[in-house]
Every structure is written in structure tokens, then in C-alpha cells.
J.: 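Mind having a look at this structure? Questions to follow.
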Amino acid sequence: MTRTPFIAGNWKMNTARSGAVELAKAVAKGAPKGVSLGVAPPFVYLDAVGQAIASPSLLLGAQDVYFEKNGAFTGEISVEMLKDLGVKFVLAGHSERRHVLGEASALVARKVQAIYAGGLTLVHCVGEKIEQRDAGQTFDVVKRQLEELTSAMQDPQRLVIAYEPVWAIGTGRNATDAQAQEVHAFVRQHLAKSWNKDFADRVRIQYGGSMKPENARGLLSQPDIDGGLIGGASLKADAFLAIAAAAL
Ligand code: PGA
């Protein structure tokens, strides 16, 4: 089964308007063929970045969304609003939203459903904290998070799982190739059980957590690692493109 690797940059709460546009342009210009490449800028720069890239070689993504269609939800953004700006993929369940902003699993599940039902590609983030890994709970935690998905999601092209061990995010300490592969294989087995093997074989599973040019090739050459969700290293076009090249 060949899956087109998907390398996505999660810019988090970084960049300013002009820097965001420049970064996106540089990434679009250097985008290699054979890899799906995407960037998720802060909400306020989505429009500017979307207009600057306007190219199918780079997908526009959002870091978050609210599940309601419209109404009195001060500060929130809907799926339709994102689509209006050309957004193609949306993150849900990122560990910073779960653990810094306090998003509960029930909220993540509603977001996950809204993103998929709205026709966008869902990047569903899962991953354990260090104390959970040390207590041998990694698979349990990841399985519980995967249960935020529903069987209504039948298009494997629009479902991406990002395995991001919390202890590896922004710490410079990436999971080893074997640690990551072990959890990726577990995720794929879970999908095969909950959907079927063909579906599971088509879903892309990204690794995230201190992925950088120096460790990308080892991680991306694992059989069940189909791309990366990149934070820090996505803020420099050269580093991000080097990771993309390592996926080929
Ligand atoms: P990092 O972030 O690459 O800076 O560790 C990854 C992520 O949070 O998606």
C-alpha cells in the first residue's frame, strides 16, 4: 500500500503578517512533488497566506475550529468560515489544546465530527504524557483518544492521525524511530479493527514532536509513519522543506 506522505507545518502562535506570507511563499516555491505539503498559520493570517500561496502545491490548514455552524460563540470560528478562506485541513485534539487550554475529550470529539462532516481533511492529534508512558498507559491513552473518531468517517483520504507524544513536543526530545513506529502500528491496528484493513492501510499517520531535518529520515522511513506534523522546524522554510524531502 503506498500512501502519499503528508508533511504539515503547525505554526502555532508564531509569525507576524509579512513573515507568514514570506514563509508560505518560500515553502510553496520549494514544495517537492510526491509529498502533500501543508501549513497551518494562526487564524488571523489564514486569508493573507491563502491568497499568497493560491497554489495546489501547498495546502492551507487551520490549527483549530469550533463545532457549531454559527451563532453566539464569542471568539470562535466555524468550519464554513475556514472553507471560505480556502482551508483544506484542520487540526483537532492537539496536545496544547488538550493540556494547556483544557479541552476535554468530549469537545475534541465534537470538533472532529464537525471538521469531517464539513468536507475538510481532519488531522486528529493523539499522544500520551510522559507519566502515562512511564506508567505503561500509552496504548490505553491513544486508544481512548482514537475513540473520538466515528464510523461515519469513511473517506480515508480525509482522515489523518497525528501521533504526538506530549513529552516530545517542543522539547527537542523526539521519540526514537522504534518508539514512534510501535505506536503508529498500534494506531493502524486499531483502525483496522474499528473500520477494516483496507481503510486502515489508506489512512496517513503522521509523527509529531521535535521532528527536524536531522531525525526526519529515520522516522519517515518507518513502515507506518506517513508524514509529520512539524512545529518549531516549520517556521524556517529550509528546515521544513528538508523534512519534506526526507519523506520521498
Ligand atoms: P514541535 O511541535 O515540532 O515543535 O515539537 C510539534 C507539534 O506540536 O505539532
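The structure displayed is predicted, hence computed values, not measured ones. In each ligand, atom 1 is the first atom listed, and ligand 1 is the first ligand listed.
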J.: I'd like to know if Ser210 contacts ligand 1, where contact means a heavy-atom distance under 4.0 Å to any ligand atom.
T.: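 Ser210 counts as a contact of ligand 1 under the 4.0 Å cut-off.
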J.: May I ask whether Lys12 places a heavy atom under 4.0 Å from ligand 1?
T.: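 Per 4.0 Å heavy-atom rule, Lys12 contacts ligand 1.
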J.: Which of the atoms in ligand 1, numbered in the order shown and given with their element, are less than 4.0 Å from a heavy-atom of His94?
T.: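 Close to His94: 7 (C), 8 (O), 9 (O).
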J.: What are the atoms of ligand 1, with element, lying closer than 4.0 Å to any heavy atom of Gly231?
T.: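 Checking each atom against Gly231, I get 1 (P), 2 (O), 3 (O), 4 (O), 6 (C).
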J.: Does Gly172 come within less than 4.0 Å of ligand 1, judged by its heavy atoms?
T.: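 Distance cut 4.0 Å: Gly172 fails for ligand 1.
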J.: Name the orientation class of the two ring planes belonging to Tyr163 and His184 (parallel below 30°, tilted from 30 to 60°, perpendicular beyond 60°).
T.: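 Correct class here is perpendicular.
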J.: Hey, which atoms in ligand 1 end up nearer than 4.0 Å to a heavy atom of Gly170?
T.: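 The atoms of ligand 1 under 4.0 Å from a heavy atom of Gly170 are 1 (P), 4 (O), 5 (O).
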J.: Heavy atoms only: give me the nearest Val35-Ala244 pair and the separation to one decimal.
T.: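 Heavy atoms only, the tightest pair is CG2-O, 3.7 Å.
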J.: Under 4.0 Å, heavy-atom basis, I'd like to know which part of Ile169 is in contact with ligand 1: side chain, backbone, both or neither.
T.: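 The answer is both, backbone and side chain.
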J.: Atoms of ligand 1 less than 4.0 Å from Gly232 heavy atoms?
T.: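 Those of ligand 1 that fall under 4.0 Å from Gly232 are 1 (P), 3 (O), 4 (O).
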J.: Taking all non-hydrogen atoms of both residues, which atom of Gly227 and which atom of Ile7 are closest, and how far apart?
T.: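 Looking at all heavy atoms of both residues, the closest pair is CA-CD1, 3.9 Å.
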J.: Measuring from non-hydrogen atoms of Ala233 to any atom of ligand 1, is the shortest distance under 4.0 Å?
T.: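 False for this residue.
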J.: Is it true that atom NZ of Lys212 has more than 12 heavy atoms of other residues, nucleotides or ligands lying nearer than 6.0 Å?
T.: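 Result for NZ/Lys212: enclosed.
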J.: For Val27 versus Leu241, what's the shortest heavy-atom pair and its separation?
T.: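 In this case the closest contact between Val27 and Leu241 is O-CD2, 3.7 Å.
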J.: Would Glu80 and Lys83 count as a salt bridge (charged side-chain N to carboxylate O under 4.0 Å, His left out) here? Give the steps.
T.: CA-CA 5 Å; Glu80 286 306 314; Lys83 285 164 72 175; 3.4 Å; yes
J.: When you look for heavy atoms under 4.0 Å from ligand 1, do you find them on the side chain of Ala168, its backbone, both, or neither?
T.: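 Under 4.0 Å from ligand 1, Ala168 contributes backbone atoms alone.
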J.: Which of the atoms in ligand 1, numbered in the order shown and given with their element, are less than 4.0 Å from a heavy-atom of Glu164?
T.: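 Contacts of ligand 1 toward Glu164, numbered from 1: 6 (C), 7 (C), 8 (O), 9 (O).
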J.: Taking it one step at a time, do Asp198 and Arg202 satisfy salt bridge (charged side-chain N to carboxylate O under 4.0 Å, His left out)?
T.: CA-CA 7 Å; Asp198 180 61; Arg202 288 168 196 271; 3.2 Å; yes
J.: In terms of atom number and element, which parts of ligand 1 are under 4.0 angstrom from non-hydrogen atoms of Asn10?
T.: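 Reading through ligand 1 atom by atom, the close ones are 9 (O).
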J.: If you compare all heavy atoms of Ile53 against all heavy atoms of Lys25, which two are closest, and at what distance to 0.1 Å?
T.: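 That closest heavy-atom pairing would be CG2-N, 4.3 Å.
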J.: Suppose the criterion is ring pair (Phe, Tyr, Trp, His ring centres under 6.0 Å): which pairs have a residue in residues 226-248, not counting sequence neighbours?
T.: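 Those involving residues 226-248 do not exist here.
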J.: What atoms in ligand 1 come closer than 4.0 Å to a heavy atom of Leu229?
T.: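 Matching atoms, with element in brackets: 6 (C), 9 (O).
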